Amino acid sequence: MYIVRVSLPGVTSGSQVSVNVVHGRAVEIGAENFQLTLALPFLLPGDASARRVKFSKKTQRLTLEFEKPETTPSDEKTSASTEPCELAIPGLLTPETERLVYVAVDEKKGRHLRARSALRAGSTVFTCHPITATTHDTRSGDTCSFCFKKCASECDASNSEPSPSTGVIQCVDCPTKYCSERCRHNDVAHAGECALVHRGVSDKKLGAATRGARMLLRLLYLRAMHPDKFKETDIWSASDETKTNENTLGACKFLRAVLPPTALPEASDLQDFIKKTRENLHGVVDHGGNHLGTGAYGIASLVNHDCAPNCVTSFLVGSGDEKSENVNTNGPCLVLRTVCDVEKHSELTVGYVELYASRGERRDRLRKTKGFHCLCLRCENSSDKNTSDDAKLIGWRCAERNCPGVATHDCFESSLDDSSLDTILKCGTCGSAARNGPEDMSKRDASVAETKWRAAIDASREASRSGDYSSAASIASETLAECTPYLHVDHYIQHELRLALTEASVTCEDYQVVIDTTRVTITSLAKKRFFLNGCHPGAADAKGTLADALENIANGDDSYSNNKRLSLDEALVNRVAVVEILSVAYGEGHAATKRARAKVRETEGLLKLL
């Protein structure tokens, strides 16, 4: 038997509720103030109906019971080959969005978005305002808590008026900061966390617990006080593979300790709410990939993951001030755009995790954060060819210098048990063993080495976060020199080390190191076009960093030498490439694209002065 439970706030009688099964794949629920369509995690016969329908006035919850369908192998084969059907969810899509995409549902993928017609690269699929959003802990002092606009870190003692020197407004009752009175007024969900944030100033333990539960507190407040806004979460679902872990139980315990019972769902529903929330949140980042905070979105939760996505998300932030680069009065607005041509009826996908990572690491991260085991084409076919780009992400150099193959090893793959770790790493092309000095390299030795090098990446980034950029650069540089003789140049560990070294070297103004390192990064990214599209913002960030470093080198040259012109010419080529990438990924009107065009004009101006 299958049981489906749905909360219907405001509904007082079961006579108000109607239930219909759609194509055996979804259930439509109608009530006085609701019109919901929920995908079923199973396939029912076309004429099936709910075995039992029960509505509880006390909890305002509808319970549906379905008989488990009896299937035969032939039935399973038929259902697996059935095309996804379109699913109507009233009010979810705007008329403009509905002309471009539709919600589809099938047994394996559940609900997802597909293109109604062919879409060209650079098409805006939809924009989506958040249900609510929270800034990251590290950004709470210099980022508006509502619109995520960058603002100063200090606020004057009055709390109620903008500081004359910074323009920052602080919440009357807690340290939460805003860039304008409009943002403070619009952030209605803050009331759900305000008292605990205030108490957390003096109670550090409570403050730490509150920071980890701010999104849950905000959503529960909307559930109680603004059910029309909370209703947008009705389309959320949690993976069947997600288990109730210690984090979920800890969050339940905390919420029960700080909120009255009337503000909470029943025990099982509370756990389900927490799992749904954590699996459907989106990290809000700027165009450089810097984490600003977390947003809860409606329609965006239907966009599935793929390790070779055809879309990217970007975010518009701003206070709504006319002088703001991105006018937005509803919090950080999510924008979904295509980064390649998408055929009619193709699924629209984004990357939930770092794409320049091994299959094992991607799957491990997705399993922990989203509760599913990725079976996309890239994951299923990633190691079919030993010379493929994905194989090189986990490739150790072959001992034969002229051999193009690699010895592949992924320490994240759960299939590697203790006995297999003692086997020798061998090149998949020529069969030669990878070398560990004078000896053959075993998988165990490789795992130990990779663990050590990954720890160095973390140490370098931690040093950067603490402001010790010199140490960060030294750690990354030394580790890169140590692993280069063993790992393929496109190995993900080498890639992460180059990024860490570049980040630290930019701050240290060691521009020659930035140039040398970033050129290798750009070359590696260009080889990965089958999963990291050429119009992915990550490529723009690397090219922009290279252009900045080249200009700094050129500006430091007092003579009008040929080298200076060559540096500026290369910088201009990369500046133009950044504009081309961001025009597709973010659009012409995005602030990042406009800044990129302005930098093109600046570089052209420097060349004219020569």
Side-chain angles (χ1 to χ4, degrees), residues 120-124 127 148-151 285-290 292 312-328 333 335 337-339 499 502-503 505-519 521-523 525-526 533-610:
R120 298 291 301 272
S123 300
T124 298
T127 59
F148 285 34
K149 178 184 178 182
K150 181 81 170 179
C151 56
V285 298
D286 61 20
H287 74 280
N290 301 305
L292 303 179
V312 296
T313 56
S314 61
F315 298 87
L316 302 179
V317 299
S319 64
D321 187 331
E322 291 181 359
K323 296 180 181 180
S324 179
E325 291 177 304
N326 291 308
V327 177
N328 178 29
C333 180
V335 182
R337 289 175 63 90
T338 57
V339 289
L499 294 182
T502 299
E503 178 186 357
S505 298
V506 167
T507 306
C508 293
E509 299 184 357
D510 193 344
Y511 297 119
Q512 191 57 56
V513 171
V514 174
I515 291 170
D516 295 341
T517 307
T518 309
R519 280 173 175 163
T521 298
I522 292 171
T523 301
L525 291 175
N533 187 279
C535 290
H536 192 280
D541 187 51
K543 290 177 180 291
T545 300
L546 175 58
D548 289 343
L550 287 164
E551 283 193 12
N552 277 291
I553 287 286
N555 290 335
D557 186 354
D558 294 331
S559 64
Y560 294 127
S561 64
N562 188 50
N563 288 338
K564 184 170 185 176
R565 176 172 289 279
L566 290 174
S567 294
L568 291 176
D569 281 340
E570 185 180 354
L572 182 60
V573 169
N574 282 280
R575 295 280 191 221
V576 172
V578 170
V579 171
E580 292 173 349
I581 293 169
L582 296 184
S583 296
V584 173
Y586 291 165
E588 289 288 350
H590 195 280
T593 310
K594 292 179 179 179
R595 287 195 294 269
R597 285 199 180 279
K599 288 191 173 184
V600 169
R601 292 192 292 270
E602 291 173 6
T603 306
E604 289 174 337
L606 292 173
L607 280 165
K608 288 179 180 179
L609 294 175
L610 294 181

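In this text, all values refer to a predicted model and were calculated from it rather than measured experimentally.
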Please round to the nearest 0.5 Å and tell me the distance separating atom CG of Asp541 and atom OG1 of Thr545. 4.5 Å
Which is it for Ile581 and Lys543 under the side chain to side chain contact (heavy atoms under 4.5 Å, CB included) test, yes or no, and what are the steps along the way? CA-CA 10 Å; Ile581 293 169; Lys543 290 177 180 291; 4.1 Å; yes
So CG of Leu550 and CG of Asn574: to nearest 0.5 Å the spacing works out to 7.0 Å
Exam field: side chain Thr338 to backbone Ser123, donor-acceptor pair closer than 3.5 Å: yes
Donor-acceptor contact present, side-chain Thr593 to main-chain Gly587, <3.5 Å: yes
Test item: Val312 and Pro537 side chains (from C-beta on) under 4.5 Å apart, heavy atoms: yes
How long is the gap from OG1 on Thr313 to OH on Tyr586, to the nearest 0.5 Å? 8.0 Å
Check Glu570 with Arg519, please: is the shortest side-chain N to carboxylate O separation under 4.0 Å? yes
Apply side chain to side chain contact (heavy atoms under 4.5 Å, CB included) to residues Leu606 and Asn555 and explain how you reach the verdict. CA-CA 9 Å; Leu606 292 173; Asn555 290 335; 4.1 Å; yes
Among Ile553, Asn552, Thr517, find the one that has a side-chain contact (heavy atoms from CB on, under 4.5 Å) with Gln512. Ile553
Derivation of the side chain to side chain contact (heavy atoms under 4.5 Å, CB included) call for Leu546 and Val514: CA-CA 7 Å; Leu546 175 58; Val514 174; over 6 Å; no
What are the two closest heavy atoms between Leu525 and Gly538, and how far apart are they? CD1-O, 4.2 Å
Report the distance from atom NZ of Lys599 to atom CD of Glu551, rounding to the nearest 0.5 Å. 8.0 Å
For Arg337, the salt bridge (Lys or Arg N to Asp or Glu O under 4.0 Å) test, sequence neighbours excluded, returns none
Check ion pair Glu604-Arg575 (N to O, under 4.0 angstrom): no
From CA spacing to verdict: side chain to side chain contact (heavy atoms under 4.5 Å, CB included), Val285, Leu292: CA-CA 5 Å; Val285 298; Leu292 303 179; 5.8 Å; no
